[in-house]
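First the structure, in the form of structure tokens, and then the observations on it.
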Amino acid sequence: MFDFCGKIYGTSRRMTSTVSTSFTLIPNQKYRRSSRRSKPFCNTVDADSESLLSTLGNFKALPLEIFQMVLKYLSVKDISMLSMVSKAISNRLINYISTSSGNRRLLLQDFHNLEISGKREGSCVLEHYRSLGLLLKRCTLLLPTKDRLKYIHKILSEVSCFKLSGCPSPLHCLGLQCYGMFLQTLTAGWDELECHRVFNFLCELSNLPRKVQTVVSSKPGSARKLELRIRLFCRSVLLNHWIHRSDSAFWLTRILKPWPMVNQARLLYIIFGPVSSLNVVPREWLMENNARLLILSGNNICFTFMASKAVNGRAVELARLVVFLALVCEKDLYCMDWAVKMMQKVCKVFSTPGERNNFLQSVENAFAHMIMDMLQSVMSGDRDEEDSSFLNLFHLVNAQANFHKEILYLTMRSTST
């Protein structure tokens, strides 16, 4: 019995120890559970490293020097496509552009004597800077506009031909044209506020307002070299490369807006007027060209210019200008009612009915005198190579007929109402 009880007791001791042993394994279970909880953290670390690896792709295995050597075999357009792969790649490209080797590769500076080899070389350089503008536009996409401009200026500041007064022979240099192509590609699609910042940034770098002030406050031709540089900078960098007129009009407005009307007219003349090797403003324009420039300048500038003549008692000059506005509308297929409405608006500037009637009589006299002068030229047989005398007379007679037709329409509409 005792032996039996002892066996039972021993068995119970073994069972107890077995049970106790099973309870002592609970911490191991907790350890296993905690190891399972730490597994996602390990996966996160691995995922981050894998994400970094995936952003660089196979380039992760390459040293930076080898990566930059690979870039030498890619065109600028291909590099700009590569910059869109990931932010890590874009940062590597930004670093590459800032290096001396990247500068030498990307900033071509052979802007002179390209005409000797033909137009192909010049167009290749322009296309290169178009691609470079696209590259820097994509690489700096995530930066604020102010930081983008500072970085780009840091890259381009070494190119002297991109500066307003940097090139010793601007007439034989493609530098400003390349700079304009670069900026047009860079800023295409930007909103007006960002473009305002670009213009202000350019003015600050080039000191353009102070140079314009020097030119418009001096006699025509007295600062002809500076006039020429302002002309080339405004046209080559800001105006010429835009496809749509609205874009060119925006930048032209930025150039003209800070100045009073008389200085705006002078600046327009400098930018778009004729050029010769002796003088920037060699001779007076034909009245027809003046009228065409006024039409293209817009209603506000045109009216302000004509109203100034009306206020200052220059009714005869104003009448001749109205005739040439009608002639340009006839030749260039503009709406003739625009010229009539502009004359009607100018008539309201005159202070007395007598002055207004005198002006209207001067308009009719100007039509009559111009037609007689052209008719006399045709009858005398004085014809140039293009036989333009008879053609000008034809256009002037039609312009007078259509001008008076629009006046009759306007009169009939006002009387019927």
Does the side chain of Leu106 reach to within under 4.5 Å of the side chain of Ile97, using non-hydrogen atoms? yes
Residues Cys167 and Arg229: closest non-hydrogen pair is O-NH2, 2.8 Å
Should Leu183 and Leu202 be marked as a side-chain contact (heavy atoms from CB on, under 4.5 Å) after you check the CA-CA gap, both sets of side-chain angles, and the distance that decides it? CA-CA 11 Å; Leu183 287 177; Leu202 289 175; 3.8 Å; yes
Of all heavy-atom pairs linking Leu176 and Val237, the shortest is O-CG2, 3.7 Å
Passes side-chain contact (heavy atoms from CB on, under 4.5 Å), Leu164 versus Leu208? Steps please. CA-CA 8 Å; Leu164 191 150; Leu208 181 63; 3.7 Å; yes
With a 3.5 Å distance limit and no angle check, can you tell me whether Arg320 reaches the backbone of Met370 through a side-chain donor-acceptor pair? no
Please confirm whether the backbone N or O of Ser80 pairs with a side-chain atom of Ser83, one donor and one acceptor, at under 3.5 Å? yes
With sequence neighbours excluded, tell me which residues meet salt bridge (Lys or Arg N to Asp or Glu O under 4.0 Å) with Lys341. Asp337
The side-chain contact (heavy atoms from CB on, under 4.5 Å) partners of Ser101 (sequence neighbours excluded) come to Gln68, Tyr96, Thr99, Arg104
Which heavy-atom pair separates Ala310 from Phe350 by the least distance, and what is that distance? CB-CZ, 3.8 Å
Other residues, nucleotides and ligands only: do more than 12 of their heavy atoms fall within 6.0 Å of CE on Met261? yes
Taking C-beta and beyond as the side chain, do Asp247 and Ile243 meet within less than 4.5 Å on heavy atoms? no
Evaluate whether atom CD of Glu204 has more than 12 neighbouring non-hydrogen atoms of other residues, nucleotides or ligands under 6.0 angstrom away. no
So, using side-chain contact (heavy atoms from CB on, under 4.5 Å) as the criterion, who are the partners of Phe201 when residues are at least two apart? Leu149, His153, Leu205
Indicate yes or no: at least one non-hydrogen side-chain atom of Phe272 is less than 4.5 angstrom from one of Leu239. yes
May I have all residue pairs that pass side chain to side chain donor-acceptor pair (under 3.5 Å) and include part of residues 179-195, sequence neighbours excluded? Thr145-Glu194
Are the side chain of Ser377 and the backbone N or O of Asp373 linked by a donor-acceptor pair below 3.5 Å? no
Please check if the side chain of Ser414 supplies one atom and the backbone of Thr411 the other of a donor-acceptor pair under 3.5 Å. yes
Tell me every residue that passes side-chain hydrogen bond (donor to acceptor under 3.5 Å, both in side chains) with Asn200, counting only those two or more places apart in sequence or in another chain. none
Do Val349 and Phe359 make a side-chain contact, defined as non-hydrogen atoms from C-beta onward lying under 4.5 Å apart? no
Any side-chain heavy atom of Asn91 within less than 4.5 Å of one from Lys87? yes
Could you note down all residue pairs passing salt bridge (Lys or Arg N to Asp or Glu O under 4.0 Å) where residues 128-140 supplies at least one of them, sequence neighbours left out? Glu127-Arg130
Atom of Ala339, atom of Cys329 and distance for their closest heavy-atom approach: CB-SG, 4.2 Å
Can you tell me how far the CG atom of Leu318 sits from the CZ atom of Phe305, to the nearest 0.5 Å? 9.0 Å
Taken in chain and number order and not counting sequence neighbours, the residues that satisfy salt bridge (Lys or Arg N to Asp or Glu O under 4.0 Å) with Lys331 are Glu288
Tell me whether Ser308 contacts the main-chain N or O of Thr304 through its side chain, where contact means a donor paired with an acceptor under 3.5 Å. no
Excluding sequence neighbours, so at least two apart, what forms salt bridge (Lys or Arg N to Asp or Glu O under 4.0 Å) with Asp332? Arg292
Correct closest heavy-atom pair for Cys178 and Phe162 would be CB-CE2, 4.2 Å
May I ask you to decide if Leu108's main-chain N or O and Tyr129's side chain share a donor-acceptor pair within less than 3.5 Å? yes
Working note: Phe182 + Leu136, criterion side-chain contact (heavy atoms from CB on, under 4.5 Å); need CA distance, chi angles, decisive distance, verdict. CA-CA 9 Å; Phe182 172 86; Leu136 290 180; 3.4 Å; yes
Validation: residues 393-403 side-chain donor-acceptor distances under 3.5 Å, sequence neighbours left out:
| from | atom 1 | to | atom 2 | distance (Å) |
| --- | --- | --- | --- | --- |
| Asn402 | ND2 | Glu330 | OE1 | 2.7 |
| Asn402 | ND2 | Asn398 | O | 3.2 |

Taken to the nearest 0.5 Å, the spacing of Cys347 SG from Met306 CE works out to 9.0 Å
I want to check something: taking the side chain as every heavy atom from C-beta on, are Cys195 and Arg254 in contact at a cut-off of under 4.5 Å? no
Would you please name every residue forming a side-chain contact (heavy atoms from CB on, under 4.5 Å) with Ala291, sequence neighbours left out? Leu321, Phe324, Leu325, Val328
Value for CZ (Arg224) from CD (Glu227), rounded to nearest 0.5 Å, stands at 9.5 Å
Would you check if Arg197 and Leu193 make a side-chain contact, meaning some heavy-atom pair closer than 4.5 Å? yes
Residues in side-chain contact (heavy atoms from CB on, under 4.5 Å) contact with Val216, at least two apart in sequence or another chain: Val212, Asn263, Arg266
Rounded distance [0.5 Å steps], CG in Leu252 versus CZ in Arg245: 12.0 Å
Find the distance between SG (Cys203) and CG (Leu238) and round it off to the nearest 0.5 Å. 8.0 Å
Short side-chain to backbone donor-acceptor contact, Arg148 and Thr140, under 3.5 Å: yes
Name all residues meeting the salt bridge (Lys or Arg N to Asp or Glu O under 4.0 Å) criterion together with Arg314; count only those two or more places apart in sequence or in a different chain, and write none if there are none. Glu317
Please work out whether the ring planes of Phe199 and Trp251 are parallel, tilted or perpendicular, with thresholds of 30° and 60°. tilted
Test item: His241 side-chain N/O and Gln177 main-chain N/O as donor-acceptor pair under 3.5 Å: yes
Between Ser297 and Ile301 the two heavy atoms that sit nearest each other are O-CD1, 3.7 Å
Criterion side-chain contact (heavy atoms from CB on, under 4.5 Å) on His369 and Val323, from CA distance to verdict: CA-CA 11 Å; His369 291 159; Val323 173; over 6 Å; no
Atom NZ in Lys163, atom CG in Asn207: separation rounded to 0.5 Å? 13.0 Å
Please examine the side chains of Lys345 and Asn299, heavy atoms only from C-beta on, and report whether any two atoms are closer than 4.5 Å. no
So, Arg231 side chain and Ile270 main chain: donor-acceptor pair closer than 3.5 Å or not? yes
